[in-house]
Amino acid sequence: MAQPLVKKDDDRDEEADYSPFLGIEKGAVLQEARVFNDPQLDPRRCSQVITKLLYLLNQGESFTKVEATEVFFSVTKLFQSKDIGLRRMVYVMIKELSPSADEVIIVTSSLMKDMTSKTDMYRANAIRVLCRITDGTLLTQIERYLKQAIVDKNPVVASAALVSGIHLLQTNPEIVKRWSNEVQEAVQSRAALVQFHALALLHQIRQNDRLAVNKLVSSLTRGSARSPLAQCLLIRYTSQVIRESANNTQTGDRPFYDFLEGCLRHKAEMVIFEAARAITELNGVTSRELTPAITVLQLFLSSSKPVLRFAAVRTLNKVAMTHPTAVTNCNIDMESLISDQNRSIATLAITTLLKTGNESSVDRLMKQITNFMSDIADEFKIVVVEAIRSLCLKFPLKHRSLMNFLSNILREEGGFEYKKAIVDSIVILIRDIPEAKETGLFHLCEFIEDCEFTYLSTQILHFLGIEGPKTSDPSKYIRYIYNRVHLENATVRAGAVSTLAKFGAMVDGLKPRIFVLLRRCLFDTDDEVRDRATLYLNTLGGDGAVVETGADVKEFLFGSLDIPLVNLENSLKNYEASEKPFDINSVPKEVKTQPLTEKKAPGKKPTGLGAPPPGPPSTVDAYEKLLSSIPQFANFGKLFKSSAPVELTEAETEYAVNVVKHIFDGHVVFQYNCTNTVPEQLLENVTVIVDASEAEEFAEVASKPLRSLPYDSPGQTFVAFEKPDGVPAVGKFSNMLRFIVKEVDPSTGEAEEDGVEDEYQLEDLEVVAADYILKVGVSNFRNAWESMGTDFERVDEYGLGPRDSLAEAVNAGTEAVPPNSRSHTCLLSGVYIGNVKVLVRLQFGLDGPKDVAMKLAVRSEDEIVSDAIHEIVASG
Amino acid sequence: MSMDLDDCLALPGFFSVNGSKSTEDCNDVNEDSCPCIKNILLLDSEGNRVAVKYYSDEWPTNSAKEAFEKALFSKTQKTNARTEAEIAMFENHIIVYKFVQDLHFFVTGAEGENELILVIVLQGFFDAVGLLLRGNVDKKEALENLDLILLCLDEIVDGGVILETDANAIAGKVASHSVDAAAPLSEQTISQALATAREHLARSLLK
């Protein structure tokens, strides 16, 4: 075995912190690394120095470029030594140094020699190192050896080649895909891990070919995988196949379900669990299918191993969201887990119980939880609070005891996130359970008496200002609010002043008292507080007689700013002081969505074909600038909305095109973002020929061709249409990409003189009514809804027909719908073309076993618009 | 429904829209298929590194790595993970861990990973280290044989993909390399045999 790196002292026992690396220093170790250059290598000493270098790297020390290069070059000298141990360390060291391309060349021949060595260990490791540091060009040279290695008799060598293949598939897919036959052979290997690695690689090679995956799964599920890991993979692939084939088999048996169920009787716990989890995650799993999986998970609950208990309870917790009754059998085991040493397990058990419990067991559970809450961390408490909130919404009759529980824990010690979770829960309960309102508000009032978090205080004060005046006795809240003006910091004081003003505005009887309090605030030390007090006194008429509060004052106090603050901030920054006052209407209302920039790590991007490069930034500002810079479109007026890019080509085609629809009052501009993915081609004079025969109200007025489109650098071409002013005209457009293609010599990059005219069919494009609706965030929907009034309200009901669950009916992108909910409300707001504000309230409910009904209520400033929205829905 | 309004949900007051959770897997391993290890850590009883290996770029800098280690250490240090491997959820990762003497072993995987797969990797690492250190598993011994620990890490996982989980196989691959190749063949086999015998003895004494 390796020798200790420093001579042991006799008295080292007394030294508590003895370490062979005590006092190690980078400079000195780099000096020591010179032994690598000795003509007579001492393998043992060299190993020790490498260990020291690795130790430094491991401790987070970094080498400069020069240092790393120097070390790398001297390490390469060590290939001369025949010592196996030293060679092993050299391999690790090279991987750690991750040399640059020009350095790699130095070791390539040594590694290639090792790769064809007779020693298995050399072969296996040389493959791993070489594949780690190599680039595509070298790969073609060694491809032959790698293919051989995949089917090597030695399992270590085969695994090394297969795992390297898994990594290389990300960077050089076209090469690795050529190894299918060898990989296929390796899947039949007797060695357990080789089979696992081969299966993983084979699946990744074929994952885009649904039929091939299907075939792979059905052939393998009949035999049996040798290693538990391979079996786990097979289970994953099987559930993938089941997921994808879900549409074809509405009736009858699920394909491969028997295989999953069979895996529940496997001898490895890992496989049993993987199968059980896969079954619980099947789409629309029936209780008959669930039962065997739940049974094995229940057994795991009483295992002596914490990991098993955790895995089981975590899965059951998820099942409880969709099939609470299926989990009730486990409740007794679950209850004993409340006292589990591992608090993660205990928390999961509690929240599962809260989901599966019935009304009568609530009180008993709450007692258990109260004891439990004192000894878990905040993060777990938050989970419990959220579970209690949903329990309360499920059993509104129990609101008294649950609300009490929440107010008790609100008084205890806790961090901000925890307190916020409790406050949020109370607020939600107040909103949804009218009977809980007064007690809830009272608890919140008590909380702000002694609340250390400014944010929570101001939020609660704001909430009080809206809800408080509507209660039976608003006057009792005044004391709590005014106390804030005395005792708190300026931010909270300002918030309290606003809240007082709201009470004054809503409750005429309280006006005189409010005015007295507000006048006192005029002497506050803080500007903001004084300013607010002055403003409110004036708007509410506090200097004279008590008058009825005007509608515009109410709008001012309660209305929400319907402009995103970011946009307002930008506009204010751009505003230059002049005669012209700042016009708030000039602020764009569109909610900016962060463009999904490539979050992926560099190097992950497929080379050449595949992922089209990101188009120009998709923010409104950028579009506006771009469009106004084009003279043909300059007189179209203000841009109303730009859609998200719509792909007009399949992925991995020669030319990638997507389109952005820009809507103006009287025009529509299509912006085609084109990318040429063929390196040997240069496209010139690129236009899109648009056939608008199915869009009668549109007439083409202008277009702007793209002069030249070289390989891999996106460009845009535009086509503009005229349409009736302010009318949400819809229609379908077919597109043809027309261009002159010129051959490019890949070696020189120069294009040939003559080109050929060519066309490329794109997919159709539609302008739909939704393009005329701009999304606008509303901070308080209820207020906006109520202030809009019922003048132009249109309500109608629609049956959406049978759906498996609500989540399926409610389109993604709104809000996650809890899978077991019977109803869901979704609130939408937007601006229709012509600047008409629209609010929509959609209520979904399960009607009968599977039928989903939708109630659509639309309010807007214009009757026609309300009707139009209904038309969109009815036809959509 | 073709309405584009769907995604412009405006939530009142206190509600906060959940940010989309990114489930980023190991750098180059496809999610939803191959089990993936994000890191393997070996820390001492104060949370300092003995040897660590990261396979995911979720912790791009050394300070991010250290912060993760510190937080993980303080979250787990009071638990009793000496007889059975323990488990924790932490920053959207699943972490399994086991302690012996003044050494803390951790294996991190994605939130959705099969916990039992992570635990066999942990067990493989833990047992292999036990074999390589002949049962004297503590910080001092580990540092003195750091080369073996590093080779051990290298043999268990390659770029996030599980390479081997059987402790005997791992230790065998690591140990066979330290035998002097220059020694005559007969001697080599004898010293190998001796090493194996010692290992078995040490293990049986431990049990």
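Chain A is the first sequence line, chain B the second, and so forth, proteins listed ahead of strands; every chain is numbered from 1.
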For this session: Run the numbers on A:Leu308 and B:Glu115 for side-chain contact (heavy atoms from CB on, under 4.5 Å), then give the verdict.
Result: CA-CA 8 Å; A:Leu308 265 181; B:Glu115 294 88 340; over 6 Å; no

For this session: Enumerate by number any residue of residues 65-72 of chain B whose heavy atoms lie under 4.5 Å from heavy atoms of chain A; in the absence of such residues, state 'none'.
Result: B:Glu66

Exercise. To the nearest 0.5 Å, what is the distance between CD (B:Glu84) and CD (A:Gln341)?
Worked result: 12.5 Å

Problem set entry | chain B contact via A:Ser62 - which portion, at a heavy-atom distance below 4.5 Å | neither

Problem set entry | Contacting region of A:Glu96 [heavy-atom separation from chain B under 4.5 Å] | side chain

For this session: Would you please name every residue forming a ring-ring contact (aromatic ring centres under 6.0 Å, His included) with B:Tyr97, sequence neighbours left out?
Result: B:Phe99, B:Phe106

Problem set entry | Within-4.5 Å side-chain heavy-atom neighbours: A:Leu348 and B:Met89 | no

Problem set entry | chain A contact via B:Val119 - side chain, backbone, both or neither, heavy atoms under 4.5 Å | side chain

Exercise. If you take all heavy atoms of A:Pro306 and B:Glu86, which pair is closest and at what distance?
Worked result: CG-OE2, 3.3 Å

For this session: To the nearest 0.5 angstrom, please state how far the CD1 atom of B:Ile117 sits from the CD atom of A:Glu269.
Result: 13.0 Å

Exercise. Are A:Arg88 and B:Lys173 close enough that some pair of their side-chain heavy atoms sits under 4.5 Å apart?
Worked result: no

Exercise. Are side-chain heavy atoms of A:Phe21 and B:Leu146 found at a separation under 4.5 Å?
Worked result: yes

For this session: Identify the two heavy atoms, one from B:Cys34 and one from A:Ala200, that lie closest to each other, and give their separation to 0.1 Å.
Result: SG-CB, 3.9 Å

Seminar exercise, completed: Given B:Gly112, B:Ala169, B:Ala81, the one with more heavy-atom pairs under 4.5 angstrom with chain A than any other is B:Gly112

Exercise. Is it the side chain or the backbone of A:Phe196 that comes within 4.5 Å of chain B heavy atoms, both, or neither?
Worked result: side chain

Seminar exercise, completed: Greatest number of non-hydrogen atom pairs under 4.5 angstrom with chain A, of B:Asn80, B:Asn62, B:Asn114, falls to B:Asn114

For this session: Under the side-chain contact (heavy atoms from CB on, under 4.5 Å) rule, what do A:Ser47 and B:Asp147 come out as? Steps first, then yes or no, please.
Result: CA-CA 8 Å; A:Ser47 279; B:Asp147 50 345; 5.5 Å; no

Exercise. Measuring heavy-atom distances to chain B, does A:Val271 have an atom under 4.5 Å in its side chain, in its backbone, in both, or in neither?
Worked result: neither

Exercise. Does B:Leu151 reach the side chain of A:Val92, with side-chain heavy atoms less than 4.5 Å apart?
Worked result: yes

Exercise. Hey, are B:Asp158 and A:Arg132 close enough for a salt bridge, meaning a charged N less than 4.0 Å from a carboxylate O?
Worked result: yes

For this session: Say whether, by atom type as modelled, one donor and one acceptor occur between the side chain of A:Asn58 and the main chain of B:Val50 under 3.5 angstrom.
Result: no

For this session: Evaluate side-chain contact (heavy atoms from CB on, under 4.5 Å) for A:Leu193 paired with B:Asp166, printing each intermediate quantity in order.
Result: CA-CA 10 Å; A:Leu193 280 155; B:Asp166 178 60; over 6 Å; no

Exercise. Measuring heavy-atom distances to chain B, does A:Arg314 have an atom under 4.5 Å in its side chain, in its backbone, in both, or in neither?
Worked result: side chain

Exercise. What residues form a side-chain contact (heavy atoms from CB on, under 4.5 Å) with B:Asp138, not counting sequence neighbours?
Worked result: B:Gln101, B:Asp102, B:Lys140, B:Glu141

Problem set entry | For the student: nearest non-hydrogen atoms of A:Val307 and B:Ala85, plus distance | CG2-O, 3.6 Å

Seminar exercise, completed: Under 4.5 Å to a heavy atom of chain A? For B:Val157 that would be backbone

Problem set entry | Chi angles and distances behind the side-chain contact (heavy atoms from CB on, under 4.5 Å) call for B:Ile87, A:Asn342 | CA-CA 8 Å; B:Ile87 184 161; A:Asn342 185 320; 3.8 Å; yes

For this session: Measure B:Ile94 against the heavy atoms of chain A and call it side chain, backbone, both or neither at under 4.5 Å.
Result: side chain

For this session: Measure B:Leu163 against the heavy atoms of chain A and call it side chain, backbone, both or neither at under 4.5 Å.
Result: both

Exercise. Where the side chain of A:Gln59 meets the backbone of B:Arg49, is there a donor-acceptor pair that is under 3.5 Å apart?
Worked result: yes

Problem set entry | Pairs involving residues 134-159 of chain B, ordered by first then second residue, that meet ring-ring contact (aromatic ring centres under 6.0 Å, His included) (sequence neighbours left out) | none

Exercise. Ion pair present between B:Glu113 and A:Arg236, side-chain N to carboxylate O less than 4.0 angstrom?
Worked result: yes

Problem set entry | Side chain, backbone, both or neither of B:Ile120 within contact of chain A (heavy atoms, under 4.5 Å) | side chain

Exercise. Are side-chain heavy atoms of A:Ser344 and B:Phe90 found at a separation under 4.5 Å?
Worked result: no

